[in-house]
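Chain letters run A, B, ... following the sequence lines, proteins first, then strands; residues in each count from 1.
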There are 2 protein chains.
Amino acid sequence: MVTLRDVARSAGVSPKTVSRVVNDDPAVTPETRELVRKEIERLNYVPNLAARMMRTATSEVVGLMTDVVATTPYSVEIVRGVQSALRKEGRTLLIANTEGDRQIEAGYWRTFRSHKVGAAIVATMFHREYDVSPEGFDKPLVMVNCFAADNRFDTVLPDDEEGGYTQAKHLLQLGHRRIGVVSLHEAIRATGLRHRGMLRAFAEAGANFDESLLERGAVGPFPDETFVAYEAAKRLLSRPDRPTAIICGNDMLAVQIYAAASEHGLTVPDDLSVIGFDDLPIFSAILRPRLTTVALPYFRMGEMAVDLIAGMKSFAGRPAKQHLVECPLVVRESCRPLA
Amino acid sequence: MVTLRDVARSAGVSPKTVSRVVNDDPAVTPETRELVRKEIERLNYVPNLAARMMRTATSEVVGLMTDVVATTPYSVEIVRGVQSALRKEGRTLLIANTEGDRQIEAGYWRTFRSHKVGAAIVATMFHREYDVSPEGFDKPLVMVNCFAADNRFDTVLPDDEEGGYTQAKHLLQLGHRRIGVVSLHEAIRATGLRHRGMLRAFAEAGANFDESLLERGAVGPFPDETFVAYEAAKRLLSRPDRPTAIICGNDMLAVQIYAAASEHGLTVPDDLSVIGFDDLPIFSAILRPRLTTVALPYFRMGEMAVDLIAGMKSFAGRPAKQHLVECPLVVRESCRPLA
DNA sequence: TTGTATGCGTTATCAC
DNA sequence: GTGATAACGCATACAA
């Protein structure tokens, strides 16, 4: 193994000078720098991270603490975003999956500390409040898809309010006025936010939202409850004044709206427009006509978390901030203009 | 920061003794051990991995090199399995996603080396041959869901041959004889293996597989091709001698079989039995009747990879081996006995 | 069973 | 601008 010393000896300078070159310390003459660079190249010297870590008490590793986000189809995109951004900075990712267990989480904070990770990201599967207590962890910390009650950390969240607005606005612009809603469970934070956004879109359009067309809480955090959306949709579609469009709490619900519509002899989008939420690729693959939906920007949120961490070095001590990421409309073929 | 020394001083023993306790060296009296343990707890001491690493030139970190496995709904379960097993051993996971890019992969191997990861796992999204060249990486290496042409590494693979056997056998045992198949793309290794297994089941049952009921290559690695399965199913179902059951290459195809059946006025499972492959939770949530399928044991495969790594310490130098993991039958409601 | 001395490769401090 | 020296926290070898 080639060490700093070897390079120094070979280049005829002191170890410290080599260290300066390696760390881009400006206080080295260009000639010396070039000389050392050559020698590093020639000897194929690779810095020993362990030794460096020991001195600096920090590493270029970022710890990602998640409940199940790293292992769940819905939210792995956060991990991808984090990784993609990290790679560009030459940093690496240590992943911790707590499975929602506080004890496991505590253990992982210890692991993070002993690995001297330089920063941590806390991400959850659902958009929600989360009470982090990173015992003894004093490096930059960013939360993704969740937030601390006291807002003491920088936070990246999907703009669900605006997402709800986007869903409704799209349908309203197409001329729909009787719009049904099959929402997620009320315990999910996104539900209320999106509802507010939707009402705002109605108000802007000078339209009135018929509360009786709202089917509440069709799906909770547990997949088993899912099928109630099918019943909800059937209730909506068997009304004499059935809606011309349905807003779904997520893409999975949309699948059931399709099924219910087909059951009623209705065609999407000719007789019924459907708009989803999430934009999961699997549903684009399955559904025909392809589902118009609003995307949950998980990848972007992951990237943004890394950007924030990078920025924290330069702006240490500034107050924590919530960053809302736009949920873009993805237009496909499941919504059509009302004649 | 609390160090070994602090604990030692506080406990009234030498640093080395504390080191022994931390590393579970048996040569410590139970009383001393307990005393030290208490003090570690009290001071919230966390070992400095950097220092340890510098001495031992290896870490308890395992590197996971994947193409897209860590970020893809279908195969994240491998990562979960790896993590779950790793946590039990108190080891941690460094994740590298190459996105299939060789250059990125090479970079990550360098990262693994400089982090002195103690072992590596290479996993791919699809069951396939994969040409790893872990430049300069000389620690234990296990492959999951993929294998080297020369079989020079320990490998964990799903037993696709047996999976195909299981699918067919289930239907045959229920009395079905006219069985249709909508298979995956032929370029996928699993396709051929499962076909072989299926034929074996037919042979064992003394039945004959009608080659004309095989719809080949309905789906490849790209989700966009998916919808051809719908057409394939329709072809099968419009035959005068239509099959009483259909074997699917995966659960996603089954969704389309359901749709095609409904189109033809056929009910699952009364008029048509359907069996899937993969056992993705999302499809259990969506489909009614719930899909009988054969599970891809990704979680188990991840666990097994870790077990193998652990075993490699004790059996260094033994020849590499392929380990096949059983694909278990998951019976739900989409197949019924033929009257 | 327990303790002491030494050095891993790097960076920080402070001198020149 | 450069270099000598010390220290980071731990495990190894060896001694007691």
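- Other residues, nucleotides and ligands contribute only 12 or fewer heavy atoms inside 6.0 Å of the CD atom of A:E41.
- A:R52 places its CZ atom 17 Å from the C1' atom of D:dA7, with the value rounded to the nearest Å.
- Listed in residue order, the members of residues 3-11 of chain B having a heavy atom less than 4.0 Å from DNA chain C come to none.
- A:F147 and A:H127 have perpendicular rings, their planes meeting at more than 60° on a 0 to 90° scale where under 30° would count as parallel.
- Of the side-chain N and O atoms in A:S19, none sit less than 4.0 angstrom from OP1 or OP2 of C:dT10.
- Between A:V82 and A:F299, the closest side-chain pair of non-hydrogen atoms is not below 4.5 Å.
- In this structure, B:D67 and B:F126 have side chains that are not in contact, with every pair of non-hydrogen atoms separated by 4.5 Å or more.
- Taking only distance into account, the side chain of A:R55 never meets the base of D:dG9 through a donor-acceptor pair shorter than 3.5 Å.
- Minimum atom distance to the side chain of A:T56 is reached by C:dT11, of the listed D:dA11, C:dT11, C:dC14.
- Set against D:dT2, C:dC8, C:dT10, the side chain of A:A27 has D:dT2 as its closest nucleotide.
- Here D:dC8 is the nucleotide among D:dA11, D:dC8, D:dG3 with the atom lying nearest to any side-chain atom of A:M54.
- The nearest heavy atom of DNA chain D to B:K16 and to B:A50 marks one nucleotide each, and the one closer to the 5' end goes with B:A50.
- Of the candidates C:dG3, D:dT2, D:dC10, the closest approach to any side-chain atom of A:T29 belongs to D:dT2.
- Just one of B:L94, B:V62, B:L93 meets the side chain to side chain contact (heavy atoms under 4.5 Å, CB included) condition when paired with B:V117; it is B:L94.
- Within the 4.0 angstrom heavy-atom criterion, only backbone atoms of the sugar-phosphate kind lie near B:P47; the bases stay farther away.
- OP1 or OP2 of D:dG3 sits under 4.0 Å from a side-chain N or O of A:T17.
- Proximity of A:V142 to A:M312: side-chain heavy atoms (C-beta onward) are separated by under 4.5 Å at one or more points.
- Whole-Å rounding puts the B:Y45 OH to D:dG9 C1' distance at 8 Å.
- With rounding to whole Å, A:L43 atom CG is found 15 Å from C:dG9 atom P.
- When heavy atoms are screened at a 4.0 angstrom cut-off, A:V22 is found touching no nucleic acid atom at all.
- Considering only heavy atoms from C-beta on, A:R37 comes within 4.5 Å of A:R33 through its side chain.
- Taking the side chain of B:S14 as heavy atoms from C-beta on, and the options D:dC10, C:dT4, D:dC8, the nearest nucleotide is C:dT4.
- Nearest-nucleotide mapping onto DNA chain C: of B:P26 and A:L49, the residue sitting toward the 5' end is B:P26.
- Considering only side-chain N and O atoms, A:T32 lies under 4.0 angstrom from the phosphate OP1 or OP2 of D:dT2.
- For B:A51, the listed nucleotide lying nearest its side chain is D:dC10; candidates were D:dG3, C:dT10, D:dC10.
- Of the side-chain N and O atoms in A:N48, none sit less than 4.0 angstrom from OP1 or OP2 of C:dC8.
- When all heavy atoms of B:A123 and B:I78 are compared, the pair lying nearest together is CB-CG2, 4.3 Å.
- Rounded to an integer number of Å, the gap from A:M53 CE to D:dC10 P is 12 Å.
- Looking at B:R20, its side chain comes within 3.5 Å of the base of C:dT2 through a donor and an acceptor atom.
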